[in-house]
Amino acid sequence: MNAFDLLRPRDIETATKALKGESPPVVKAGGMDLLDRMKEGIDRPAALLDIQKIDSLRGIDATQSSLTIGALATLAEIAASEAVRKQARALAEAAGEAATPQVRSVATLGGNLLQRSRCWYYRSSDFEPCLKRGGKECFAKEGRNKIHAIFGTEAPCVAVHPSSLAPALVALDATVGVVREKTLVTKPIADVFVDGTTCDRDHALAPDELLASVSIPLGRRSAYREFQERATYDWALASCAVSFVWRDGVCAEPRIVLGAVAHRPVRREAAEAHLAGKKLTPELAREVAAKALEGAKPLAENGYKIQIARALVMRALLAAAGMEAGK
Amino acid sequence: MSEEKLVLGFEGHTVEKTVKLPEGEPRPWDLTSKLEVVGKHHPRVDGLLKATGKARYTHDVRLPGMLWGVLLRSPHGAARVKSVDLTKALASPGVKAAFSLEKSEVRFHGDEVAALCAETLDQAREAVRAIKVDYEVVPCVVDATDARKEDAPRVFAKRENILTSPMSQKRGDPAAALSSADKVVKATYRTQVQTHSALETHGVVARWEDDGSLTCYASTQGTFSVRDGLTAQKLWKLKASECRVIAEHVGGGFGAKFGPGVEGVAAARLAKEAKAPVWLMVDRKGEHLSCGNRPDSVQEMQGGITTDWKLTVLTVSSYGTGGVAAGAGVYNPGDYYKVPNVEKREESVFTNAGGARAFRAPGHPQGCFALEQMVDELADAIGMDPLEVRLKNDPSVVRQEEWKIGAERIGWKEKRNKTPGRGAGGDGAPPRPYAGTVLRGVGCAAARWGGHGGPGATVLVKVDEDGSVEVRSGAQDIGTGTRTVLAAIVAEELGLEGPEAVKVFLGDTRDPVGPGSGGSRTASSIAPAARSAAAQVKDAFWAALKKALMKVADSPEGQMKGGKVLLDLNSGPKWIPFAEAVKKTGKKGFQASADRQDNYKGAGFHEQGVAGCQFAEVEVDLETGKIRVLRVVAVQDMGTIVDALTAESQVIGAVIQGVSYALFEERIMDRRSGRMLNADFLHYKIAAPADCPEIVPILFPVAAGMNNVGLLGLGEPPTIPTAAAIANAFANATGVRLREIPMTPARVLAALEGSAKPKKEWR
Ligand SMILES: Cc1cc2nc3c(=O)[nH]c(=O)nc-3n(C[C@H](O)[C@H](O)[C@H](O)COP(=O)(O)OP(=O)(O)OC[C@H]3O[C@@H](n4cnc5c(N)ncnc54)[C@H](O)[C@@H]3O)c2cc1C
Ligand code: SF4
């Protein structure tokens, strides 16, 4: 790893000011993702801006209408929060299943959403830079791609977004608060992510922007299911978060989001339309799941993801409705 | 030579046998021996040190003035090295020495190119980036199937990629047997490349002493082979007596850690050039790329069976790759069962990948995976229970008994799925959501191994004047429990309370010579020497005691127990502590060293090899393709049980590695560049605790009368049958054969899909 300067501001203003400079420092939260990249040598920033001392970025606050989580909340805190478990179950499940207890106690919400791709070509310093590192070529498309995308595969980059929390938050219709200089802007979380045509990035934040918080409107039932090869210490090969407003047993305004299958979390509108206004049954869940995977275009080695994702949609829907078999 | 009449075998199957012993050997332990320490559950004598982080591994060694070494590795699958420029690296902060390995070509991703050392590890890692290498990349081939093709790039310019192994086997008339068998099954089985992934990576800390001698701390399975590898170098002139290798604690090896390796020689050379001690441990990536692996295999098999359950013929034609090394053979299929007609052909194929090394039962897990599925498939073909077919054809009296014990323990009768693919097996309702999408099944498989050990080991046993007891061997404990085993044996022989009463020094070439830890030979080779030496010490002690006191029994037999010695004092017979008794001799202490003798001609229990078998119960999620191994029952012949706890630990560890091999581990290569994509512990997946089944180790002691202890190596055999048993259980659950490992969700789903209507290959 290269030597670097370390800045440790105590407030947002000092931090965002530092990010404005000529060659700005790179934000470091838990550092789980950033330091991995630095150790491999694919990123060699001259300066880091450690935001861990900015207390206003911490905490989980519940009001009547929303739940606001600071960017520095750890995955462990989120998974353990009573408020999150009650009001945003999908998020609690996503945070609780990610990685390992050790990682969860360090990894932050902001860092999780803004972490970079786990594509093994991108992550290896032995490879020439691929498109994501500013190079000319994608090695995965014709290479080894069992972990890659099944949606949006016509785009130049076929990496998937690795965050477990991202699909849950998209399903929960969350918004993010982003600070640039002294201005706080609020936008839908979906706008944070980019598709595979913007292949040199994994999120839309500019280098001088600081993600401050995430807000979740209340009143939705939700659930998250993911599939990992191993029981722990693994990323999802596919995940699904769903939410809906539950009106007398009927699913209204459903949102169905798949994770780890595309360059960004993807909403499946056709499946949502098929579910909207209906009473959920296992048969309907199966139909909705099939619709959710329509249009998937897998690569040579990842067709299996379709079947897994289908099962996850079904399971997440039934879980959100409290209809899991065996319960 | 003396003779001893022994009672050998196991409960329900005993034989009397007279064995001839070399002079001075104690009477071998047999079924009549009443043992106080040996055979019980003892915690590791170094357990506390390890659990508290105080045990010093090579990784932990820090010497005054020590520098940190790093290797530069090839980023290419194959390339010509046109130049290596060290100028910038040498000028980097903290760098004290650097050299190029002067290779004209690199043959695999991770091939070593240069080495340097600096004052800190970070400086060394940064400096290595400043080494400028001019490569001319040439075509490479990383897949064994591709490498066999006519137009494939040559891995070695002057050699064919295909190496036909002489290790072939033929007996009977396989062709005729295939045409006369009642049922014939043809199938192809595939296994993957697995890397050793020992928790402690390879490496050495080297220091040149003022007298010109070399001291090396090494993470190794062979202290003496590291020494010999270092003294053989042309870079310096060193006699064996001038090179000391120390391996106090070793974080695993699994067969990949013999000899100093490129890293060890580099550490010594850097230390010489920098005139300071050098620490050079390989990083995880280098470990995956260049420090050994288990070759993959493609095994085309044919088997024949008669309707009266006799296996009549087995043929296998296999190939696989050990990268730039040979040795991709699979174990001989005809050696497990009584099969009259056998034929085996095999090829080792060179590819541009790190070289294979011996790996926990080399060739066996691969061969067993194919053979034991074939036996199941043949049983299916005649509509028989595969366990019955095994019992009919298994020549091992030991395994005959083990099959029954294991079947009972797993609940074979109740759990075996009568209608594979169509319902929950055995214990009824599926445990998780979605009734009908989760299936269970059970399967079994056999293991066979050697592991009696043999000569090439000397052990020193010392009793000090204060009664403290010390054992010394230059061999190493790579985590298998060798220290505890030796302590238990010496404690038994001297009638001490337990292993903790004996201090064992291992892993230093200044101590008596011992074997490398391969072939499950360490404990089985040195244990009998330890017992002989302890017996000699005991005799000397007794003679001295007699001389000093006169009123003691003629022989120490039965007079030394639980740390006490029975003396007939003026006040009458009395048990007094061993230390006091030693004092009473008035001697400065006692010591003896003994050599390991050849194995005797025993009772022939292991003519079919050391026997083991395993039963697995699995659960398959049909929607996601996830396999969960619920339970593995492992029955393992182990000769004399010395420490039941470390023995069970060996079995459990081996099963975990077997589960990991069956479900997760796989080296993933990019074909175009020849690079390994998962040279880490994220994408190279090893079973984590939550993936491990309940493991039931059942130790099966057999008194074989082969040497004075009779302990059998246990490191390797219990990892052999796990994958095969899991595959058979999968088939029993789903009615579908998965003939390829690792059984990832992708493969499981493909197999299930491909057999929407289960098709049976023999029809
Ligand atoms: C073994 C292992 C398993 C894992 N499994 C999973 C999994 O299953 N699911 C999953 O979702 N993740 C998984 N992860 C990833 C892990 O969750 C992320 O690495 C972690 O959440 C990143 O958070 P961090 O705070 O450490 O981020 P950092 O490494 O500090 O930052 C990550 C990136 O975000 C930027 N950044 C961070 N915070 C801000 C902010 N407030 N404003 C602007 N930019 C910011 C940084 O500049 C950096 O580029 C796993 C990681 C490991 C090591
Ligand atoms: S998928 Fe994206 S990140 Fe991976 S190699 Fe292709 S361009 Fe790079």
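Convention: sequence-line order gives letters A, B, ...; per-chain numbering from 1. These numbers were taken from a predicted model, which means no experiment stands behind them.
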Identify whether the distance between the nearest side-chain nitrogen and carboxylate oxygen of [X] and [Y] falls below 4.0 Å.
X	Y	value
A/Arg286	B/Glu623	yes
B/Lys626	A/Glu229	no
B/Glu665	A/Arg230	no
B/Asp680	A/Lys39	no

| Residue selection (most heavy-atom pairs with chain A, distance under 4.5 Å) from B/Ile668, B/Asn678, B/Val748, B/Thr744 |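 Most pairs with chain A among the choices: B/Ile668.
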| message | Please identify, among B/His76, B/Arg747, B/Arg73, B/Arg671, the residue contributing the most non-hydrogen atom pairs under 4.5 Å to chain A. | response |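 Between B/His76, B/Arg747, B/Arg73, B/Arg671, the count favours B/Arg671.
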Does any non-hydrogen side-chain atom of [Y] lie less than 4.5 Å from one of [X]?
X	Y	result
B/Pro745	A/Ile308	yes
A/Phe127	B/Asp670	yes
B/Met676	A/Asp126	no
B/Lys285	A/Ser125	yes

Below 4.5 Å from any heavy atom of chain B, which atoms of [X] appear? Answer side chain, backbone, both or neither.
X	answer
A/Leu312	neither
A/Arg118	both
A/Lys146	side chain

| message | Heavy atom to heavy atom, less than 4.5 Å: which residues from residues 116-143 of chain B reach chain A? | response |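 Within residues 116-143 of chain B, the residues that come under 4.5 Å of chain A (heavy atoms only) are B/Glu126, B/Arg129.
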| message | Angle between ring planes, A/Trp120 versus B/His683, binned at 30° and 60°: parallel, tilted or perpendicular? | response |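 Plane angle over 60°, so perpendicular.
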| message | Does atom CG (A/Leu35) have a neighbourhood of more than 12 heavy atoms from anything else shown, all under 6.0 Å? | response |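 Yes, enclosed.
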| Around atom CZ of A/Arg44, are there more than 12 heavy atoms of other residues, nucleotides or ligands at under 6.0 Å? |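 Yes - once you tally the heavy atoms of other residues, nucleotides and ligands closer than 6.0 Å, there are more than 12.
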| Minimum heavy-atom distance B/Leu622-A/Gln307, with the two atoms named |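 Closest heavy-atom pair between B/Leu622 and A/Gln307: O-NE2, 4.0 Å.
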| message | Show the nearest heavy-atom pair for residues A/Thr232 and B/Ala690, with the distance to one decimal. | response |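 Smallest interatomic distance, heavy atoms only, reads CG2-CB, 4.0 Å.
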| query | By a 4.5 Å heavy-atom criterion (distance strictly below it), what part of B/Thr624 contacts chain A: side chain, backbone, both, or neither? | reply |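 The answer is both parts of B/Thr624.
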| Geometric cation-pi criterion B/Arg672 and A/Phe139, 6.0 Å radius, 45° cone |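 No, B/Arg672 does not sit over the ring of A/Phe139.
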| task | Applying side-chain contact (heavy atoms from CB on, under 4.5 Å), run through A/Asp234 and B/Leu682 and close with a yes or a no. | result | CA-CA 7 Å; A/Asp234 216 346; B/Leu682 287 177; over 6 Å; no
